[in-house]
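Written out below as structure tokens is the structure these notes cover.
Quick note: numbers below take in every heavy atom, side chains included, and nothing from hydrogens, waters or symmetry partners.
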Amino acid sequence: MKTNIKRSLFVGLAALSFVAVAGASSNASAAKKSYKIDFNQASSSATATSRNYVPTGTNALYTKAGVLKSARQVASTATLQSLASSKKGNDYLRGYRVAKLSNGSYYMKVVTFDKAYRGWIYVGKTDPRSNYQSVAGGLKYTDTTTDVTSTLTDAQKKATYQLNNAGTSFEAQTFKEPAYTQYKIGRNTTDTTNYKNDTFTVTKAVKRNREGDTWYYVNDAKNPSVNGYVLSTSLREATGSSSSSSTPTTPTVSVGTSQTTIDSTFNIEGYSQATGGKQVAHAQWTIPLWNGNVNWNNAVNKFNRDRTVMGNKNDVIPTNTLKTALKNNGFNQVYMKITPTILPRLAGGWLDNVDSLTGVYMKFNLDTDSIPSNAHYGDTLRLGYTVDDSALYTKAGGSTKNENSSANADGYIGMTIYRQWVKTILDMYVVNPYL
């Protein structure tokens, strides 16, 4: 997709059809032997937490066992290597089915914690069901957390705490397990507004191995339903507590010169029939001398000068601060031009703004789950977007009264897409990595 933004949407769709046909032909011509599937069995829920993995990067992910006829690649070894080195818990893999082929090879069906990738991967010649933590081939077992309860002092264990900012933010919620450390085990309490005056005791401390932050398990004697894990920085010592521990207090303004920036490349998330879940493509919608996409460039340029996300590189940016900055600088909804511009230009230059009224746009909505929970000041952040496939948009130019009256709050006029097949093609177009 990166190399074809300069084409019109319809040229892009034609290219997609060509790629699809070529891919099918390639698969059909691949010489693969016929193997029998000896068994294909779901794993017991009792072993769930022992089936967390990182890829080794030596084997790719397929829609079925890779040696079977008609198996299609879901993720390459290069993609899996990037997941293996990721600092995000969303990129862990959970295994949930095991199959054996007549050639003696075992395969496991896995899914990333964020469901972006799902498929089968080779795991060696030994049945992994005998020990899910001892697998070979494309997977390696991993612990997602480390128990650090021993680091709690006696004073911290005896103290009582309150939430810094009770409410619906990430930091204010309690979790059944620290966020993104177990598959499909998420929030315990999504809104703690009614518990802002409750006091908590800390009974356990856990560090997330990828993100490196510490989470406390808190008990609320008054409302036990709130009990769960919270970020250690989300707590402050309660008024009147007898402890003099160094537990984090209400965050102060970070002082420093490290400017947080937005990666010019972002992730586009769409549905993939092959994976049965999200398909992620990495997009760079800034093509020098051709299509500057003024909305995206303006948002990036504004954010990269925003002093509210400048601070000490050792400090974590409060989630509310980061979300506010993203919203204020125009990242929540971004209208991306999908047609070529009339004149060449430098991306982000003055001509972009002059020519912002021409062309056809698609609406991209920020996936708030893609916002990192532990971003530090000075980090370069990559955002994720879903595509609004309900309509195509043009910019309201103010030439007629009727045109202005039909414009939405963002100043765009929507042309509703009624046909499902058009929506499907558009979804394929924006997430297809070959266009």
Minimum heavy-atom separation for [X] to [Y], with atom names?
{"X": "Arg208", "Y": "Ala179", "answer": "NH1-O, 2.8 Å"}
{"X": "Tyr92", "Y": "Asp143", "answer": "OH-O, 4.3 Å"}
{"X": "Val300", "Y": "Ile262", "answer": "CG1-O, 4.1 Å"}
{"X": "Thr47", "Y": "Ser44", "answer": "OG1-O, 2.8 Å"}
{"X": "Thr168", "Y": "Gln173", "answer": "O-NE2, 2.8 Å"}
{"X": "Arg118", "Y": "Tyr96", "answer": "NH1-OH, 3.1 Å"}

Lys323 NZ: over 12 foreign heavy atoms closer than 6.0 Å
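Enclosed: over 12 neighbouring heavy atoms sit under 6.0 Å from NZ of Lys323.
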
Determine whether more than 12 heavy atoms belonging to other residues, nucleotides or ligands lie under 6.0 Å from atom NZ of Lys313.
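No - once you tally the heavy atoms of other residues, nucleotides and ligands closer than 6.0 Å, there are 12 at most.
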
Check: [Y] main-chain N/O paired with [X] side-chain donor or acceptor under 3.5 Å:
{"X": "Thr112", "Y": "Tyr117", "value": "yes"}
{"X": "Asp306", "Y": "Thr308", "value": "yes"}
{"X": "Asn188", "Y": "Asn227", "value": "yes"}
{"X": "Asp263", "Y": "Leu383", "value": "no"}
{"X": "Arg94", "Y": "Ala48", "value": "yes"}
{"X": "Thr192", "Y": "Gly167", "value": "yes"}
{"X": "Ser50", "Y": "Tyr132", "value": "no"}
{"X": "Ser102", "Y": "Tyr35", "value": "no"}
{"X": "Lys158", "Y": "Thr153", "value": "no"}
{"X": "Arg210", "Y": "Ser86", "value": "yes"}

State which residues pass ring pair (Phe, Tyr, Trp, His ring centres under 6.0 Å) with Tyr217; sequence neighbours excluded, sorted by chain then number.
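Scan of Tyr217 (ring pair (Phe, Tyr, Trp, His ring centres under 6.0 Å), adjacent residues dropped) gives Tyr229.
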
Just to verify, what does Tyr335 make a ring pair (Phe, Tyr, Trp, His ring centres under 6.0 Å) with, not counting sequence neighbours?
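Per chain and number, Tyr335 pairs via ring pair (Phe, Tyr, Trp, His ring centres under 6.0 Å) with Tyr393, Tyr412.
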
If I take atom CD from residue Glu237 and atom CD from residue Gln156, how far apart are they, to the nearest 0.5 angstrom?
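It comes to 9.0 Å.
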
Consider only side-chain N and O atoms of Thr79 and Ser76, and report whether a donor and an acceptor are under 3.5 Å apart.
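Side chains of Thr79 and Ser76: pair found under 3.5 Å.
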
Going through the checks in order, is the side-chain contact (heavy atoms from CB on, under 4.5 Å) test met by Ser43 and Arg97?
CA-CA 5 Å; Ser43 301; Arg97 294 192 73 88; 5.6 Å; no

Can you check whether Trp296 and Phe364 have ring centres sitting under 6.0 Å from each other?
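Ring centres of Phe364 and Trp296 not closer than 6.0 Å.
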
Ring centres under 6.0 angstrom apart (Phe175, Tyr180)
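No, the ring of Phe175 stays outside the 6.0 Å limit from the ring of Tyr180, centre to centre.
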
Could you walk me through whether Ser105 and Lys125 pass side chain to side chain donor-acceptor pair (under 3.5 Å), step by step?
CA-CA 5 Å; Ser105 295; Lys125 295 288 187 177; 3.0 Å; yes

Scan Leu231, Thr233, Thr149, Leu152 and name whichever one has a side chain to side chain contact (heavy atoms under 4.5 Å, CB included) with Tyr216.
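The single option meeting the side chain to side chain contact (heavy atoms under 4.5 Å, CB included) with Tyr216 is Leu152.
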
Side-chain heavy-atom pair Tyr106, Thr126 within 4.5 angstrom cut-off:
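Side chain of Tyr106 against side chain of Thr126, heavy atoms only: no contact under 4.5 Å found.
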
Check the pair Gln259 / Asn304 against side chain to side chain donor-acceptor pair (under 3.5 Å), numbers first and verdict last.
CA-CA 7 Å; Gln259 176 66 50; Asn304 291 353; 5.9 Å; no

